[in-house]
Amino acid sequence: MSRRFNRLSSVTGSLILLIAGSGTANAGLLGSLLGGSSEDSTTQTEEPAAPDSYNSKGTFSEPFAEPTIIVDGEAVETDEKCITRADGMDECKPAAGTMALLKDGRLLYLNALEGTENVELSIVAEFGEVSVNDQTRVLSLDENDNPSWIKPSPLDAGANPDGNDSETLLNGTELDGLLDTADNTSANDGALFCSDVIGLANGDVMAVGGTDYYSEPGIDGLPLGVAELEGIKNSRIFDEETNTWRQSGDMTYGRWYPSLVTMGNGNVFVASGVTKLLKPVYPDEPLNSGRNVVQTETYDPCAGAWTQNPSTADRSLPLYPRMHLLPNGHIFYNAGGQAFNPFGQGYDQALWNIVASFNPDTQRWNDIGYAGLPLRLDEAGLGQLSSTLNITNLSLDQVGSLLGDVLDSPTDLLTSAADLGVSEEDLRMAIAGGMRGSTSSTMLPLKPDASGNYNEVELLTAGGVPSYAVLTNPGGYLPTDQTRIDTVTTNGDEIGYESRLAGPLNQPRWYGTNVVMPDGTVMVFSGGNRDGVVAPGLEGPIRTAEQFNPETGEWTEMATGHRARTYHNTAVLMEDGRVMVAGHSPINTAYLTFVDLQDFGLAPYDGRDPSFEIYTPPYAMRDDRPQIRSAPSNLTIGDRFNIKVDQVDQIDKALLIRRTVMTHVIDGDQRAIELVMERGPGNKLTLTMPDNHNVVPAGEYMLFVSKDTPDGRVPSVSAPITVVNENLACMAPTQVASDTTTSGGIIESTLELL
């Protein structure tokens with residue numbers, strides 16, 4: 001059978017958005033609610049290609065939320081966040097603490113910290129008993145932006161319905177249960193809170209890890225003790241066609257706050273997380289006590305099973321480590337993550353400052369250097385420093401090799417250190433370097449070289465809480481405004497690494513969410529001016545979005561949102577180039593109960609915020625956006641394909657953007673790839689896919705084309721593209737008859753999108 005007839009894909013509701021969204025982005029949300037923010041600045045009136053409502057900073061829609069709450073079995077329509085049940089407990093609308101763009105354009109979201117509204121005195125003392133598993137929802141927008149919601153089944157994704165085998169201090173002994181409440185309920189043993197989510201090659205979404213709540217110490221029936229948040233081993237997969245969750249294989253280690261990355265072959269790599277957050281003591285594995293999970297695992301989507309990687313793949317990492325797939329197939333750790341600053345968390349957390357790459361072929365990490373500084377550990381014979389210091393995979397041969405390398409070339413290390421100097425620029429680099437907590441690590445659009453190869457990656461790190469050049473501590477309390485760009489070049493297994501400072505944010509920002517836009521810029525949304533985990537409720541919210549221009553290296557303030565969104569905020573690029581902004585699920589004020597201090601200029605702490613806002617960037621207000629008239633539905637590496645467009649003479653760039661699946665301000669798979677473009681006959685453009693799945697892993701993408709104008713780049717609405725890995729048959733979607741191959745081997749679609 002020919003490759004043409006083996007080509008697989010699925011036709012989804014995404015076509016509706018292409019048909020409806022070919023011009024100006026629709027602004028009919030809830031009866032034309034889309035309007036400028038109260039704090040927006042100037043409105044442009046001299047734009048020949050823009051309506052009167054054009055705003056050079058963009059606009060946010062009015063907030064909207066699910067209209068009903070199920071209380072005592074009945075749906076109650078209300079604008080309130082919560083309603084009190086007959087038993088005196090509050091029932092609340094879920095907030096989008098995690099959000100994913102599905103392949104049909106709908107949005108899956110997961111709640112966070114469900115039950116915090118029922119804490120009366122202290123979340124530390126009570127949450128092990130009052131917490132419950134988090135809810136899920138699917139949000140849809142029609143062609144007029146009117147929202148509707150679906151409740152998936154099971155609502156909480158169905159993990160551990162009979163309870164979790166919690167790893168308590170006395171677990172498995174005759175005294176099991178004496179000092180904890182882990183066995184008294186199953187209502188909070190499978191929470192989605194603090195799982196990580198990822199888009200699989202077939203468009204399904206997988207949530208890995210999560211939370212088992214209990215009190216330890218604690219007594220059954222009494223809502224007083226010390227809460228424990230234990231990571232669970234579960235993997236849960238959401239099927240958008242049936243709106244259902246199903247269980248997949250369990251990991252070897254329970255993980256709370258892990259990170260996932262899709263590998264070039266379609267497998268999923270998981271690292272870090274913690275099995276017990278507050279009391280990480282494991283009698284059965286004492287060497288793992290006092291720190292995060294160092295063991296890594298790999299998920300085979302065809303087998304639905306996890307395999308623990310060998311000990312050489314172990315590494316101490318922060319929670320939610322910022323990791324990315326490089327064009328050579330290595331997984332790069334970019335010295336970012338979540339850390340409980342400034343009090344510390346693991347005895348080996350100084351190692352988190354070191355950027356490193358994991359080679360799946362050798363199953364080994366290689367230390368590259370202290371993040372942001374020119375000191376190269378791998379060039380000074382210290383490429384195995386972190387793994388050698390890791391007591392769970394200590395090797396005498398490795399120690400001997402390490403010492404031998406250092407003794408053979410001590411001058412290399414001294415020369416590298418001497419090169420640092422003490423200039424003002426070096427000092428700024430030192431402050432910007434090292435582990436950065438609660439920050440985005442965003443891969444800027446990948447660009448082909450003159451030969452069409454993708455060998456260079458640029459990673460944007462902005463804001464967050466820096467290490468302040470203190471090796472032993474992953475950070476402090478106040479965020480930074482500094483922006484660092486790390487350039488990673490690949491040549492086979494060789495990796496080059498350099499850092500530079502870019503223009504600072506307009507204000508320091510903790511927990512900002514970055515979004516790669518189809519015009520090649522990066523937007524950051526939400527966040528706070530202080531670390532809201534160190535002292536919940538005392539951070540000031542940041543509602544003004546900012547735009548980073550990679551060409552100038554500068555940030556520009558854009559529109560201001562209506563709602564304050566600090567902890568557990570989300571932002572996702574939609575198919576038409578707008579951004580859905582949501583979330584805000586804070587920890588109780590000062591780890592006690594909710595005390596709202598927003599009248600004093602602080603973030604709102606009256607519970608979770610279930611609302612959404614749509615950010616419309618300036619380009620989406622124009623009436624001269626390019627249009628994609630037709631495009632193939634599915635492609636694989638190396639394909640050349642035709643698309644039909646209008647304004648063909650003006651279009652000079654095509655960007656393939658992976659659909660966002662994000663939590664905790666990160667999506668390790670978020671990437672945009674600039675495609676090689678040739679002009680064809682008439683209104684056709686011929687584009688070329690990268691020839692490597694390490695550049696474009698299989699999954700669901702959006703194709704945008706754009707033109708350059710005096711007022712900035714203007715992209716089209718996207719066309720949906722499924723990238724197929726032909727060696728991953730279990731993930732193959734359904735064949736689409738409209739995809740054909742020309743006599744010249746170029747793929748195109750016979751389906752016109754008007």
Side-chain angles (χ1 to χ4, degrees), residues 259 261-264 269 271 315 317-318 321-337 351-362 364-380 382-386 416 429 432-436 439-462 464 482-502 514 516 520 522 548 550-551 553 658 666-674 690-697:
S259 281
V261 175
T262 299
M263 303 166 74
F269 179 82
R315 187 175 185 86
L317 294 167
R322 293 359 183 198
M323 301 189 301
H324 307 270
L325 179 68
L326 297 180
N328 64 353
H330 291 205
I331 295 169
F332 186 79
Y333 162 61
N334 196 34
L351 300 176
W352 303 348
N353 293 296
I354 299 173
V355 295
S357 68
F358 175 72
N359 185 337
D361 293 332
T362 64
R364 187 178 295 277
W365 290 89
N366 184 65
D367 296 326
I368 294 172
Y370 189 94
L373 299 183
L375 175 61
R376 286 293 299 265
L377 295 174
D378 54 348
E379 293 178 357
L382 297 174
Q384 298 300 313
L385 175 64
S386 291
S416 298
M429 284 295 295
M435 157 72 183
R436 193 80 72 87
T439 184
S440 295
S441 176
T442 305
M443 183 181 291
L444 297 178
L446 294 165
K447 298 180 179 181
D449 61 20
S451 301
N453 298 316
Y454 299 80
N455 295 317
E456 183 175 281
V457 173
E458 288 193 321
L459 301 172
L460 173 72
T461 298
Q482 288 193 334
T483 299
R484 189 180 82 222
I485 296 179
D486 299 310
T487 301
V488 183
T489 55
T490 60
N491 181 14
D493 288 337
E494 295 181 5
I495 293 178
Y497 175 76
E498 295 181 355
S499 292
R500 69 182 188 275
L501 292 179
N514 285 8
V516 177
V522 177
F548 180 75
E551 301 299 324
R658 191 174 177 96
I666 59 165
D667 173 5
D669 282 354
Q670 187 183 63
R671 61 181 52 219
I673 304 104
E674 186 176 319
D691 62 2
N692 186 343
H693 275 305
N694 296 323
V695 176
V696 56

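Computation of the quantities below employed the complete heavy-atom set of this structure, encompassing side-chain atoms and omitting hydrogens, waters and symmetry-equivalent molecules. We number each residue from 1, following the sequence as shown.
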* To do: Check whether the side chains of Asn328 and Thr490 place a donor and an acceptor atom closer than 3.5 Å, and report yes or no.
  =>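 No, because no side-chain N or O of Asn328 sits under 3.5 Å from a partner of the opposite role on Thr490.
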
* Applying side-chain contact (heavy atoms from CB on, under 4.5 Å), run through Val261 and Asp669 and close with a yes or a no. => CA-CA 6 Å; Val261 175; Asp669 282 354; 4.0 Å; yes

Measuring from [X]:[atom1] to [Y]:[atom2], what's the distance to the nearest 0.5 Å?
X	Y	atom1	atom2	result
His324	Arg671	NE2	CZ	9.0 Å
Ser441	Tyr333	OG	OH	10.0 Å
Glu456	Glu498	CD	CD	9.0 Å
Arg322	Thr442	CZ	OG1	9.5 Å
Asn366	Asp493	CG	CG	10.0 Å
Asn453	Leu446	CG	CG	12.5 Å

Taking the side chain as everything from C-beta on, heavy atoms only, tell me whether [X] gets closer than 4.5 Å to [Y].
X	Y	value
Leu444	Val516	no
Asp367	Arg315	yes
Phe548	Ile485	yes
Pro318	Met435	yes
Arg658	Thr262	yes
Pro697	Met263	no
Phe332	Leu459	yes

Minimum heavy-atom distance [X]-[Y], with the two atoms named:
X	Y	value
Pro321	Ser259	O-OG, 2.8 Å
Ala356	Trp365	CB-CE3, 3.9 Å
Gln482	Arg436	O-NH1, 3.3 Å
Leu317	Ala271	CD1-CB, 3.8 Å

* ring-ring contact (aromatic ring centres under 6.0 Å, His included) against Tyr454, all qualifying residues, sequence neighbours excluded ->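 For Tyr454 there are no ring-ring contact (aromatic ring centres under 6.0 Å, His included) partners, ignoring immediate neighbours.
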
* Pair Thr461-Arg484, side-chain contact (heavy atoms from CB on, under 4.5 Å): steps then yes or no -> CA-CA 5 Å; Thr461 298; Arg484 189 180 82 222; 4.2 Å; yes

* CA sep, side-chain torsions, deciding dist, call: Thr489, Asn455, side-chain hydrogen bond (donor to acceptor under 3.5 Å, both in side chains) -> CA-CA 6 Å; Thr489 55; Asn455 295 317; over 6 Å; no

* Please name the residue in the list Asn334, Ile368, Ile495 that meets the side-chain contact (heavy atoms from CB on, under 4.5 Å) test with Val488. =>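 Testing Val488 for a side-chain contact (heavy atoms from CB on, under 4.5 Å) against Asn334, Ile368, Ile495 leaves exactly one candidate, Ile495.
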
Closer than 3.5 angstrom, by distance alone: can the side chain of [X] be matched with the main-chain N or O of [Y] as a donor-acceptor pair?
X	Y	result
Thr483	Ala502	no
Asn692	Pro327	yes
Thr439	Ala462	yes

* **Worked check of side-chain contact (heavy atoms from CB on, under 4.5 Å) between Met323 and Phe358** => CA-CA 10 Å; Met323 301 189 301; Phe358 175 72; over 6 Å; no

* To do: Assess whether side-chain contact (heavy atoms from CB on, under 4.5 Å) is satisfied between His693 and Leu325, documenting all intermediate values.
  => CA-CA 10 Å; His693 275 305; Leu325 179 68; over 6 Å; no

